[in-house]
Every structure is written in C-alpha cells, then in structure tokens.
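What follows is a short report on a single structure.
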Amino acid sequence: MKVAVLIRVYDRIDDLKYNLRVISETWKNNDYYVIVVSNGKSNGFEVFPESLPLIDKLVILQENAGHRKGNSQLLMEGGKYIPEDCQYTLILEADTWMYKDGIISKYIKQLSENTDTVWASADWYDKYYALATDFAIIKTDYIRTNPGIFDFELFPECHIANFLRDTDGKYMWITENMPVHVPSYVRYKYPYVPNIKEGRFYVFPESKTVTHHIEFLKGGMEQKKGYFNILAGTDFFPDAKIENKTWNRFKMKFWIGLSRCFFKRSWYSKKTYKEIIQN
C-alpha cells in the first residue's frame, strides 16, 4: 500500500530531523511517500541538509500566513503534492513521533472496510465534537474533493468535525492516542502532562507515540528522546538511554489510565458542535 505522509513544520526542525529518522528506520508495513511542507524559512528555520534524503517532496513556502492560518496554509499547500496513487494520506506534525507503523496499517484496513468513513484520528475535546490533526489518516479522494477540510483558522479540531458533518463524512477514533486531555478542573501538576494549562498528555503508550513540545520538558530534546525509548522498548536514541523501560512504561499507562476515571462532562451531557466564527 502506498501512503502519503504529509508533515508540516515551522520552527520544529530538530523534531523533524528525528521524526524522519523514525519513519525511515521503523515504518516498514507500507510504501510511504514523504511530503514535508515548511513555512519557517523566512524566519531562519530551514530544514537540515541531513534530512533531505529522507524526504520525497520538500515544499518551501516563502510566505508565512501567521499563527492563526499557518497550520491551514501548510496542509492546503501540501495537499497539492499528494501522488495520484496514494489512496490514503497521513497528516503529521513534525513533533509527533511514532515507533513502527502498525497503527497506520490497522486503521487503513478499517477505513477500507467502511465505505463512508473517511477520517481516523483521536477524539480531541470532551465538550465538543473535535478530531486531532497532529496524527490523522484520511482517504485521499476525500481531500481532493473537499479541500476546504483544511481551510481553518481557530479551533482546527472542531473545524474538522464540523466539516465532516456538513459533507456527510464519517470518522473513527484512533483510541490508542486517547485520552488526549485531563479534565479542565485538574489545575495542578499531573504526571505526563507537562503543561497543565493545556492539560494534554504528550505520551501515548498504546501507539508508542510521543508528541512533546520540548519547551515544556525540563530536559528538553534529550528527555523527549528518553520518553520515546521507553515507549519503543529499545534505545532507538542511544544518547538518551533509559533504564527500567518496562517500569517507566507501566507508570505512563497507569497515570493515563487513571485519568479515564475522572469525572467528565460527557458523562452527563452530550457533545455539541462548536460554532466557529472565522474572520
């Protein structure tokens, strides 16, 4: 199966370098066509030369649409370069690293068995219908016939859910990348939630994925590599060796699993579609 991997990056070029290594060395189940779209060059963020051999198509945007529109800009431009023979497209943030690609094959198979289902990613919010955009598998034909799926400014995850509703596109959750958030009433430090204001987990043991913004980690990139080694069960990054990986992985699963027991809005109230007013 040939799969397009559309990676978007602004300033996280170090993350991109390591992510491309992970993809090249551990994703073996499919034939991947890697597209990298960057809008950081004008601000000094250029893709490293050592990353270039691992990229099939590099798209450099000279203009940056800004914080609110930049993510949309990268996806919409990158979508123009998806090869015709790629039935599925994975959209991926540069800082989202996944060890091996079994999850991709699993959800491609499920999408192929469900004609009306066009999107697979994690459930993002408890209150609103919203779908993760950091790691999502999409039927490519749907992107081609509905380019507006990536035309957003605020609340991209809510926009995706709203757009699918309006175009009768069905979705499925990638449960291995859930839960994403702790409830909003958790106001103090919680394990594996490095930025409590966002309230997000950045490790997902079931999919062997790390998504950290390194500025939230005291140990920076080395700590992120260490987390990745824990989830991978091997020292993929030998400069960040971790002892007792099994124990550390158990702790991640325990604290993330415990959060599922926290009282949530969705237990007593149905999700709603967020009304988004774009400028």
[Y] side chain reached by [X] side chain, heavy atoms, under 4.5 Å:
X	Y	result
Leu75	Arg8	yes
Thr89	Val3	no
Leu61	Val37	yes
Met98	Val22	no
Asn39	Gln73	yes
Lys170	Leu164	no
Trp119	Tyr142	no
Pro205	Ile256	yes

Is it true that the NZ or CZ of Lys274 lies under 6.0 Å from the centre of Phe155's six-membered ring and within 45 degrees of the ring axis?
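Cation-pi check for Lys274 and Phe155: passes.
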State whether Phe48 and Lys17 meet the cation-pi test: NZ (Lys) or CZ (Arg) under 6.0 Å from the six-membered ring centroid, and within 45° of the perpendicular axis.
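Satisfied, under 6.0 Å and within 45°.
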For the pair [X] (side chain) and [Y] (backbone), establish whether a donor and an acceptor sit closer than 3.5 Å, ignoring hydrogens and angles.
X	Y	answer
Lys100	Ala232	no
Lys41	Gln62	no
Thr140	Cys86	yes
Lys241	Phe237	no
Asp134	Leu92	no
Asn248	Ile230	no
Asp15	Ala94	no
Asp11	Gly40	no
His159	Leu154	no
Ser72	Phe150	yes

Minimum heavy-atom distance between [X] and [Y], given as atom pair plus value:
X	Y	value
Gly226	Ile242	O-CG1, 3.5 Å
Phe135	Asn177	CD2-ND2, 3.7 Å
Leu131	Ser121	CB-OG, 3.5 Å
Ile35	Val59	CG2-CG2, 4.4 Å
Leu90	Ile104	CD2-CD1, 3.8 Å
Ser207	Thr209	OG-OG1, 2.9 Å

I'd like to know if Lys208 and Glu176 make a salt bridge, using a cut-off of under 4.0 Å between side-chain N and carboxylate O.
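Not counted as a salt bridge, because no side-chain N and carboxylate O are separated by less than 4.0 Å.
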So, do [X] and [Y] have ring centers that fall under 6.0 Å from each other?
X	Y	value
Trp255	Tyr190	yes
Phe163	Phe152	no
His212	Trp97	no

Applying side chain to side chain donor-acceptor pair (under 3.5 Å) between Tyr227 and each of Lys225, Gln223, Lys224, report the one that passes.
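Only one of Lys225, Gln223, Lys224 forms a side chain to side chain donor-acceptor pair (under 3.5 Å) with Tyr227, namely Gln223.
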Hydrophobic side-chain clustering at under 4.5 Å (ILVMFWY, transitive links): who's grouped with Phe216? Put none if nobody.
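Joined to Phe216, directly or through intermediates: Tyr202.
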[X], [atom1]: over 12 other non-hydrogen atoms inside 6.0 angstrom:
X	atom1	answer
Lys271	NZ	yes
Glu215	CD	yes
Lys2	NZ	yes
Glu113	CD	yes
Gln110	CD	yes

Apply side-chain hydrogen bond (donor to acceptor under 3.5 Å, both in side chains) to residues Ser266 and Asp126 and explain how you reach the verdict.
CA-CA 6 Å; Ser266 58; Asp126 189 51; 2.6 Å; yes
Among Leu6, Ile138, Val118, exactly one meets side-chain contact (heavy atoms from CB on, under 4.5 Å) together with Ile143. Which residue is that?
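Exactly one pass, corresponding to Ile138.
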Using only heavy-atom distances, determine whether the side chains of Asn30 and Ser105 contain a donor-acceptor pair under 3.5 Å.
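Asn30 vs Ser105: donor-acceptor pair found between side chains.
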Specify whether Trp173 and Tyr171 have parallel, tilted or perpendicular ring planes, treating 30° as the upper limit for parallel and 60° as the lower limit for perpendicular.
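Ring orientation of Trp173 relative to Tyr171: tilted.
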Can Tyr273 and Tyr128 be said to form a ring-ring contact (aromatic ring centres under 6.0 Å, His included), step by step?
CA-CA 6 Å; Tyr273 286 96; Tyr128 298 114; 9.6 Å; no
Inter- and intrachain pairs under salt bridge (Lys or Arg N to Asp or Glu O under 4.0 Å), touching residues 242-268, at least two apart
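Listed by first then second residue: Asp235-Lys245.
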With the 4.5 Å side-chain cut-off for hydrophobic clustering, are Ile23 and Tyr33 part of the same group?
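Each belongs to a different hydrophobic cluster.
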